[in-house]
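Reading through the structure tokens given below for one structure.
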Number of protein chains: 2
Amino acid sequence: MRTRRAEYSESTRQALVDSAVDLFTERGYAGTSLDEVVKRARVTKGALYHHFSGKQALFEAAFARVETKAIESLTAVVTGDGEPWDAAVAALRAYVRKCLEPEYQRIIVHEAPVVMGWERWREAEEHFSFGLLRTAVQLLVDAGEIEEAPVEIMARLLFGALSAGASTIASSSDPKRTGREVEDAILRVLQGLRKK
Amino acid sequence: MRTRRAEYSESTRQALVDSAVDLFTERGYAGTSLDEVVKRARVTKGALYHHFSGKQALFEAAFARVETKAIESLTAVVTGDGEPWDAAVAALRAYVRKCLEPEYQRIIVHEAPVVMGWERWREAEEHFSFGLLRTAVQLLVDAGEIEEAPVEIMARLLFGALSAGASTIASSSDPKRTGREVEDAILRVLQGLRKK
DNA sequence: GTTTCTCGCATACCCTCGGTATGTCATGAC
DNA sequence: GTCATGACATACCGAGGGTATGCGAGAAAC
């Protein structure tokens, strides 16, 4: 039986992470002060330091929150029914759409590599979206849809291209048109890799 | 006739930018304090604030320094002699090599999008490496080597993929092997876009 | 039911660092 | 030689991350 105290504690922690996600999305890591985070969560810094060792740890919790939510929706797409090719195309589309969400783009794509450092970010991503993307590429290779290739590398290039594409769409004056162009370009690249 | 004062002033400014490049490369923007930059340049903060409106302006000067140097070497490759196809391949190779340089990777690829904000970074890159990469893609389209396509978008995806590839090489335990794999993968992608 | 313990906070404080305001002096103009 | 200017140097301030300590609500023990 879970105590009321444990419940309150967890609720406070959630509120802190929720507030951090909102503020990091809006202002970035450097532009967000811990005082604002705690104010928004209706606690004080003591509570924050009780749950997290510092600002970076809070960021990593925010990162994990956003990515956990992301892979919930992406996993079904990657491992779903249908031809491997169609599943891969659907996964890439879904990933681009995910990158268009403000919190994913700001926290995962833009801020995390710098805040966490590239290597730590890369390592974390193995268990989240990048891991899924690599699975999608692996499934294509296994199904014989594309030539044998170092899956890791191919997935890395795709990951870089997709997030660049999404950032381009997000900052476009005509996101619909840019979105179609990005999608077409990605499909062309993928088609070019396909075995005949 | 240039005065001695003007000369000293320019020398001080250079020293500040040089120091900033070194420290931003080593520690990133957030991890570099202005006191360290001025100490390394053998001046005080008054001098820094005379030449730059703040830390961000100093970063932008560092960015411009690193990119100006980068395009010096990249321009010849993009617009050099030889078949358009070969020139494009050479340009991509040269760009990956450039991304492997610690200062380019840290300041341009990792830090700038966050410090300057994605849109400001993108705008600045139009006049630097990205602009050159787009030229390379444009030359391929003009020469009929690849199908008609929105050059801007294709260049953006490539830019994202190449910098992700370079970051992967830089953090690899076997950079030589990873380097070859990245190169092969990029060539395959490019080959897949080629008109038959 | 009462007392004691624990831990989840709240508060006060400290130091670093980006930025501001003011003063000084080396250089250049006349 | 005198005066003006601008290229600095220095002192100061407040924001913000982090540390240390105290308090009290909830849980456990009796």
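Note on naming: letters A, B, ... go to the chains in the order of the sequence lines (proteins, then strands), and numbering restarts at 1 for each one.
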Just to be sure I understand the rule, does B:Ser53 reach a base, reach only the sugar-phosphate, or reach nothing, if contact means heavy atoms closer than 4.0 Å? nothing
Given atom CG of A:Leu58 and atom P of D:dG16, what is their separation to the nearest angstrom? 15 Å
In whole angstroms, how far is the P atom of C:dG23 from the OH atom of B:Tyr49? 20 Å
When rounded to whole Å, the CZ to P distance for the pair B:Arg42 and D:dA9 reads 11 Å
Looking at D:dA27, C:dA29, C:dG18, which one has an atom nearest to any side-chain atom of A:Thr3? D:dA27
Proximity of B:Phe52 and B:Phe59 rings by center, below 6.0 Å: no
5' precedence on DNA chain C between B:Arg4 and B:Thr32 (nearest-nucleotide basis): B:Thr32
How long is the line joining CZ of B:Phe52 and P of C:dT20, in whole Å? 16 Å
So, B:Thr178 side chain and B:Asp174 main chain: donor-acceptor pair closer than 3.5 Å or not? yes
Quick check, are the ring centers of B:Phe159 and B:Tyr95 under 6.0 angstrom apart? yes
Among Ile, Leu, Val, Met, Phe, Trp and Tyr joined by side-chain contacts under 4.5 Å, find the other residues sharing a cluster with A:Tyr8 and list them by chain and number. none
Whole-Å distance between D:dA9 P and B:Asp35 CG? 13 Å
For the pair made of CG in B:Leu34 and C1' in D:dC12, what is the distance, rounded to whole Å? 16 Å
Going by the rule salt bridge (Lys or Arg N to Asp or Glu O under 4.0 Å), which residues pair with A:Arg106 if we only count those two or more places apart in sequence or in a different chain? A:Glu111
For nucleotides 3-9 of chain C, which of its nitrogen or oxygen atoms have a protein nitrogen or oxygen under 3.5 Å away, and what is each distance?
unit_1: C:dT6; atom_1: O2; unit_2: A:Arg5; atom_2: NH1; d: 3.0
unit_1: C:dT6; atom_1: O2; unit_2: A:Arg5; atom_2: NH2; d: 3.2
unit_1: C:dC7; atom_1: O4'; unit_2: A:Arg5; atom_2: NH1; d: 3.0
unit_1: C:dC7; atom_1: O2; unit_2: A:Arg5; atom_2: NH2; d: 3.3
unit_1: C:dG8; atom_1: OP2; unit_2: A:His50; atom_2: NE2; d: 2.8
unit_1: C:dC9; atom_1: OP1; unit_2: A:Thr12; atom_2: OG1; d: 2.8
unit_1: C:dC9; atom_1: OP2; unit_2: A:His51; atom_2: NE2; d: 2.8

Have A:Gln14 and A:Arg65 got a donor and an acceptor in their side chains that come within less than 3.5 Å? yes
Out of A:Thr32, A:Val43, A:Leu48, A:Val37, which residue meets the side chain to side chain contact (heavy atoms under 4.5 Å, CB included) rule with A:Ser19? A:Val37
Regarding A:Ser11, tell me which of base, sugar-phosphate or nothing describes its non-hydrogen contacts under 4.0 Å with the strands shown. nothing
With distance as the sole criterion, do the side chain of B:Lys45 and the base of C:dG18 form a donor-acceptor contact below 3.5 Å? yes
Quickly work out the A:Lys39 NZ to C:dT11 P distance and round it to whole Å. 14 Å
